[in-house]
Amino acid sequence: MFKTKNLFFSVSTISLLVLAGCNSNDKEYIDREVDREIADSIDTGPYACSSEEIDDNPGKDCRLYIKGSMNSWSARPDAQLHYQGEGAHIALFSMESGSYSFKISDPQWSDQRDLAIAQSADNSVSVDTIYELQRKYDEFENQNMDIVVNGQEQVFRFTLDASVSTDNPTLYIENITEQDVDNLSTPMYLVGSFTDWEQHDDYVFKYIGAGNYQVKVSFAQQTDIQFNITQELDDKLLTYGSLKNQLVDLKEGASALTTYPGGLIHASVEAGSYIVGISVLGDGQIGVPVSIAKVNAVSGYNKLTTIDNPISIGADGSTFAQSYEWETSSDDAVNVSLEDDDKQLDSTSRQIATADEQGNYKVTLTINKELDSQSTDSHDVDVVSMEKTKNVILMIGDGMGYGQINVTRAYKGETLFLESGIHQGQINTASADTLGHEHLAGLGEHYYTDSAAAASAMATGYKVNSGVISQAIPGDGSDLKTILESAQKMGKSVGVVATSHCVHATPAAFTAHGQNRNDFTQLSQSMFYDVQPNVALCGSKQVDNIDVISRDAAANNYIVVRNHTDLMTKMDDLPINDPNAEIKFAGIFGIDEIPYVVPSDSQEANDWSYESLDIPQIERMTEIAIDILSRNPNGFFLMVEGSQIDFAAHINDEKRMIHETLKFDDSVKHAVDWSVQRDDTMVIVTADHETGGLALIKTNGAGNIPDVSWKWGSHTNVPVPMMAWGLNSDVVHARSIDNTSIHSIMFGAMTAAQ
């Protein structure tokens with residue numbers, strides 16, 4: 001059985017595991033008693049890059065990370081598993097209350113380092129239990145692991161032990177929030193060019209809990225610094241730093257693994273205060289992860305709203321903030337009221353802002369006021385006037401960034417319909433747990449939203465963490481009212497169309513509430529028992545061999561159809577007028593999800609296609625949804641998602657991504673053609689995020705697949721397009737705004753005065 005406590009952290013163990021080399025560092029160490037030369041390597045463990053991988057990609061990162069719904073399945077520095085020798089990898093990782101799915105992998109999901117529970121095992125994991133994992137390699141397969149975190153933010157120690165088997169390592173998770181049995185017995189110091197290489201009490205690492213230690217350093221101007229981490233142990237000075245001849249140039253927000261004995265660490269800093277952090281699991285640790293992060297205020301992106309329409313303004317992304325102070329200023333006659341957000345644990349960290357006049361005002365956030373770590377940031381809020389809007393149609397191309405549009409246009413040989421809108425702008429997509437980080441050079445690519453957080457921002461006007469479905473997380477976890485629910489309160493009919501299953505992240509964000517985007521059973525119950533949209537046209541979902549979506553819809557007196565033929569038959573039985581929004585109609589298509597427009601090989605093998613399963617295409621679903629919802633004289637709200645643009649982009653399947661985008665474009669054309677015949681409807685088209693980092697390289701003519709490049713199979717954090725037609729469409733023109741403003745635009749349009 002694998003034991004974690006004090007297993008790898010004696011000086012004698014270090015001597016066995018760190019290779020010796022020549023000391024080319026001419027810096028004089030204080031009390032120099034080191035009898036070993038600076039290490040020239042750290043064993044990176046059994047999952048190190050193979051020579052073949054390095055030949056294919058010399059810069060490949062093969063380090064292991066905890067990747068899951070709690071961090072958008074990305075490889076962020078705080079989720080890195082640090083190798084400690086003898087097959088052991090350890091990470092200290094914090095998670096807020098909620099239910100999460102996760103795996104362990106390198107950033108690129110390489111099969112050699114894709115580690116999780118075997119397909120045949122129970123995928124629920126808990127603390128203080130040893131689990132055998134399985135590598136997704138050769139004949140091996142695995143599945144996501146699920147974990148539930150109760151209470152406020154909890155800190156866990158993940159220990160992966162591959163000493164016996166790399167194909168079947170063990171995973172041991174400990175909750176160390178309340179105690180840390182491996183606390184240091186002797187202090188560690190930050191020494192460097194700013195301390196004259198002396199140990200000072202002002203630069204001792206202070207324990208902040210669960211193996212984490214920090215020290216604050218302030219700089220009056222931009223400068224380059226050099227430093228080490230030292231600890232006096234057994235009458236010897238351990239000096240942690242870079243490997244021999246391998247410069248560690250530490251970037252803001254990054255994490256580097258230092259070693260004893262080590263050379264200089266370098267960093268470039270700006271004026272301001274920085275927090276240097278280390279994760280230490282015991283005295284004499286082989287490698288000490290060190291990070292540097294600036295104390296920084298982040299107020300977010302520019303926003304758009306309407307008169308007397310409250311909006312959420314937050315300090316998400318602000319680092320090491322001890323206090324928050326907010327101010328507003330305006331050159332216009334705009335009076336703005338600010339109220340604390342009581343849904344947050346620190347109610348001052350977010351504000352609810354309301355303006356009483358049309359115009360512009362600036363919001364300024366100051367953190368740590370009157371401390372040497374004080375920092376400020378600001379953004380603009382435009383307050384516009386809108387005309388009363390009866391019907392609102394929001395259309396989301398999941399994963400559809402500028403690259404997806406460019407590539408699809410190149411294949412089609414002409415401009416897409418969705419590009420024809422006169423009024424165009426863009427939105428910024430960061431979630432609550434990624435905002436601010438996306439700008440970090442070389443690291444920001446790992447801080448991207450997921451569909452759950454992005455769709456929740458558009459649906460509710462509030463930032464939430466990745467993986468969360470329209471609940472106040474961060475915060476007290478309470479439900480956030482969606483634009484669909486607001487439209488219901490106004491007496492409108494409401495519905496969703498999606499080419500995913502009905503409680504996939506985006507449709508769920510408008511029709512349900514939950515901590516975990518992957519808890520499809522809970523989300524289906526929330527959708528059909530609690531929210532009850534009038535129309536849901538989307539895919540089925542099997543959970544333990546039960547189609548939970550069809551089951552829950554039928555249990556709540558929905559008319560449920562499973563194919564286009566039955567849909568048309570049941571449509572004939574619906575009332576022509578629905579002033580009380582009484583129609584409840586669910587088209588639940590496919591066996592388990594809807595297939596691609598161009599079926600994949602596995603879908604073809606199962607004879608799953610739109611034709612064989614008699615599934616209506618997205619433009620037909622859009623037409624039917626508008627037909628049903630428009631029977632309410634009070635108007636309607638409809639969200640339409642082209643879901644599988646994202647699915648194809650995740651696997652860099654250019655052909656299927658193109659055909660999914662073309663079909664989504666057809667649905668946009670139908671909605672716009674319907675709306676422009678009226679004077680009471682607004683259509684907004686956008687994306688939740690971009691997927692894959694897709695770029696067009698060469699056009700090969702109409703009907704031919706273009707040459708492209710993909711960055712990877714994950715989301716990116718680049719801005720995505722926004723287009724609008726019909727009533728109030730001009731408000732989006734030439735704007736670059738936060739994605740929460742989509743909610744403000746829709747709500748403001750529906751609640752505007754006549």
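This one's a predicted model, so the numbers in the text were calculated from it and none came from an experiment. Residue numbers start at 1 and run along the sequence shown.
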Next item on the list: Supply the atom-to-atom distance Ile473 CD1 to Gln344 CD, rounded to the nearest 0.5 angstrom.
Entry: 10.5 Å

Check: Would you say Gln154 and Met95 make side-chain contact, with heavy atoms under 4.5 Å?
Finding: no

Notebook entry, point to check: Just wondering, do Lys216 and Asp372 contact through their side chains at under 4.5 Å, heavy atoms?
Noted result: yes

Next item on the list: Give every residue pair that meets the salt bridge (charged side-chain N to carboxylate O under 4.0 Å, His left out) criterion with at least one member in residues 295-304, sequence neighbours excluded.
Entry: none

Check: Thinking salt bridges, do Glu445 and Lys711 make one under a 4.0 Å N-O criterion?
Finding: yes

Next item on the list: Kindly indicate, with the supporting measurements, whether the criterion side chain to side chain contact (heavy atoms under 4.5 Å, CB included) is fulfilled by Ile367 and Ser323.
Entry: CA-CA 5 Å; Ile367 65 169; Ser323 64; 5.7 Å; no

Item checked: Whether Ser69 side chain and Gly467 backbone form a donor-acceptor pair below 3.5 Å -> no

Next item on the list: Report yes if the side chains of Trp73 and Trp109 come closer than 4.5 Å at any heavy-atom pair, otherwise no.
Entry: yes

Notebook entry, point to check: Can a donor-acceptor pair be found between the side chains of Tyr402 and Gln426 at a distance below 3.5 Å?
Noted result: yes

Check: Do you see a donor-acceptor pair shorter than 3.5 Å between the side chains of Gln471 and Ser478?
Finding: no

Next item on the list: Sorted by first residue and then second, give each salt bridge (charged side-chain N to carboxylate O under 4.0 Å, His left out) pair with at least one member in residues 67-82; sequence neighbours left out.
Entry: Arg76-Asp433

Item checked: Gln231 and Thr186: side chain donor to acceptor below 3.5 Å -> yes

Check: Side-chain donor-acceptor pair under 3.5 Å between Thr716 and Glu690, yes or no?
Finding: yes

Item checked: Contact summary for Gly98 and Gln515, nearest pair of heavy atoms -> CA-OE1, 3.0 Å

Check: With distance as the sole criterion, is a donor-acceptor pair present between the side chains of Asp688 and Ser451 under 3.5 Å?
Finding: yes

Check: How many angstroms lie between CG in Leu345 and CG in Asp476, if you round to the nearest 0.5 Å?
Finding: 7.5 Å

Next item on the list: Take Lys463 and Thr740 through the test side chain to side chain contact (heavy atoms under 4.5 Å, CB included) and record every step on the way to the result.
Entry: CA-CA 7 Å; Lys463 294 283 188 190; Thr740 56; 4.3 Å; yes

Check: Should His82 and Ile90 count as side-chain neighbours, where that means a heavy-atom distance under 4.5 Å?
Finding: no

Item checked: More than 12 heavy atoms from other groups under 6.0 Å of CD on Glu153 -> yes

Notebook entry, point to check: Minimum heavy-atom separation for Ser312 to Ile352, with atom names?
Noted result: CA-CD1, 4.4 Å

Item checked: Taking every non-hydrogen atom, the tightest pair across Asp146 and Ser101 -> OD1-OG, 2.5 Å

Note to self: I'd like to know whether Thr691 forms a side-chain hydrogen bond (donor to acceptor under 3.5 Å, both in side chains) with His689, so could you lay out the CA-CA distance, the side-chain angles of the two residues, the decisive distance to 0.1 Å, and finally the verdict.
What the structure shows: CA-CA 7 Å; Thr691 301; His689 52 74; 3.3 Å; yes

Notebook entry, point to check: Is it true that the side chains of Asp377 and Ser299 contain a donor and an acceptor less than 3.5 Å apart?
Noted result: yes

Notebook entry, point to check: If we only count heavy atoms from C-beta on, is the Ser736 to Tyr301 side-chain gap below 4.5 Å?
Noted result: no

Next item on the list: Return yes if a side-chain donor-acceptor contact under 3.5 Å exists between Ser466 and Ser72, otherwise no.
Entry: yes

Margin query: Applying salt bridge (charged side-chain N to carboxylate O under 4.0 Å, His left out) as the test, list every pair that has at least one member in residues 91-110; sequence neighbours left out.
Written below: Lys103-Asp114, Asp106-Arg113

Notebook entry, point to check: Parallel under 30°, tilted from 30 to 60°, perpendicular over 60°: which one fits the rings of Phe102 and Phe158?
Noted result: perpendicular

Next item on the list: Tell me, please, which residues at least two apart from Phe227 pass ring-ring contact (aromatic ring centres under 6.0 Å, His included).
Entry: none

Check: Quick one: CD on Gln214 to CD1 on Ile275, what's the gap to the nearest 0.5 Å?
Finding: 5.5 Å

Note to self: Can a side-chain donor-acceptor contact be found between Asn228 and Thr239 if the only test is distance below 3.5 angstrom?
What the structure shows: no

Notebook entry, point to check: For Ser268 and Asp224, does a side-chain donor sit closer than 3.5 Å to a side-chain acceptor?
Noted result: yes

Item checked: For Val295 against Ser373, the heavy-atom pair lying closest together -> CG1-O, 3.5 Å

Next item on the list: Give a yes or no on whether the ring-centroid distance for Tyr240 and Tyr189 is below 6.0 angstrom.
Entry: no

Check: Between the main-chain N or O of Ser456 and the side-chain N or O of Thr460, is there a donor-acceptor pair closer than 3.5 Å?
Finding: yes

Note to self: As a quick check of understanding, evaluate side chain to side chain contact (heavy atoms under 4.5 Å, CB included) for His266 and Leu250, giving each step before the final call.
What the structure shows: CA-CA 6 Å; His266 297 253; Leu250 192 59; over 6 Å; no

Notebook entry, point to check: Tell me, which pairs form a salt bridge (charged side-chain N to carboxylate O under 4.0 Å, His left out) where one or both residues lie in residues 265-278, sequence neighbours left out?
Noted result: Glu270-Lys294

Item checked: Side chain to side chain, Leu338 and Glu327, heavy atoms closer than 4.5 Å -> no

Margin query: Can a donor-acceptor pair be found, under 3.5 Å and without considering hydrogens, that links the side chain of Asp283 to the backbone of Leu233?
Written below: no

Note to self: For the OH atom of Tyr462 and the CD1 atom of Ile311, what is their distance to the nearest 0.5 Å?
What the structure shows: 10.0 Å

Item checked: Test log, rule salt bridge (Lys or Arg N to Asp or Glu O under 4.0 Å), inputs Lys343 and Asp341 -> CA-CA 5 Å; Lys343 291 182 180 293; Asp341 184 352; over 6 Å; no

Notebook entry, point to check: Does any non-hydrogen side-chain atom of Val217 lie less than 4.5 Å from one of Ser273?
Noted result: no

Check: Looking at Pro187 and Val204, what are the two nearest heavy atoms and their distance?
Finding: CB-CG2, 3.8 Å

Notebook entry, point to check: What is the ring orientation for His437 with Tyr447, classed by angle as parallel under 30°, tilted 30 to 60°, or perpendicular over 60°?
Noted result: parallel

Notebook entry, point to check: Do the side chain of Trp710 and the main chain of Trp712 share a donor and acceptor less than 3.5 angstrom apart?
Noted result: no

Margin query: Minimum heavy-atom separation for Asn368 and Gln322, please, with both atom names.
Written below: OD1-N, 2.6 Å

Note to self: What's the separation between atom OH in Tyr47 and atom OG in Ser110, rounded to the nearest 0.5 Å?
What the structure shows: 13.5 Å

Notebook entry, point to check: Heavy atoms, side chains only, cut-off 4.5 Å: are Leu190 and Phe205 in contact?
Noted result: yes

Note to self: Within the 3.5 Å criterion, strictly below it, is a donor on Asp340 or Thr348 matched to an acceptor on the partner's side chain?
What the structure shows: no

Check: So, do Tyr213 and Tyr207 have ring centers that fall under 6.0 Å from each other?
Finding: yes

Notebook entry, point to check: Using the benzene-type ring in the case of Trp, are the ring centres of His715 and His650 under 6.0 Å apart?
Noted result: yes

Notebook entry, point to check: Hey, what do you get for CG (Asn296) to OG (Ser318), rounding to the nearest 0.5 Å?
Noted result: 7.0 Å

Note to self: With side chain to side chain contact (heavy atoms under 4.5 Å, CB included) as the criterion, how do Val363 and Leu365 come out once you've worked through the C-alpha distance, each side chain's angles and the decisive distance to 0.1 Å?
What the structure shows: CA-CA 7 Å; Val363 174; Leu365 165 66; 5.8 Å; no

Checklist line | Set of side-chain contact (heavy atoms from CB on, under 4.5 Å) partners for Asn302, sequence neighbours left out | finding: His379, Asp380

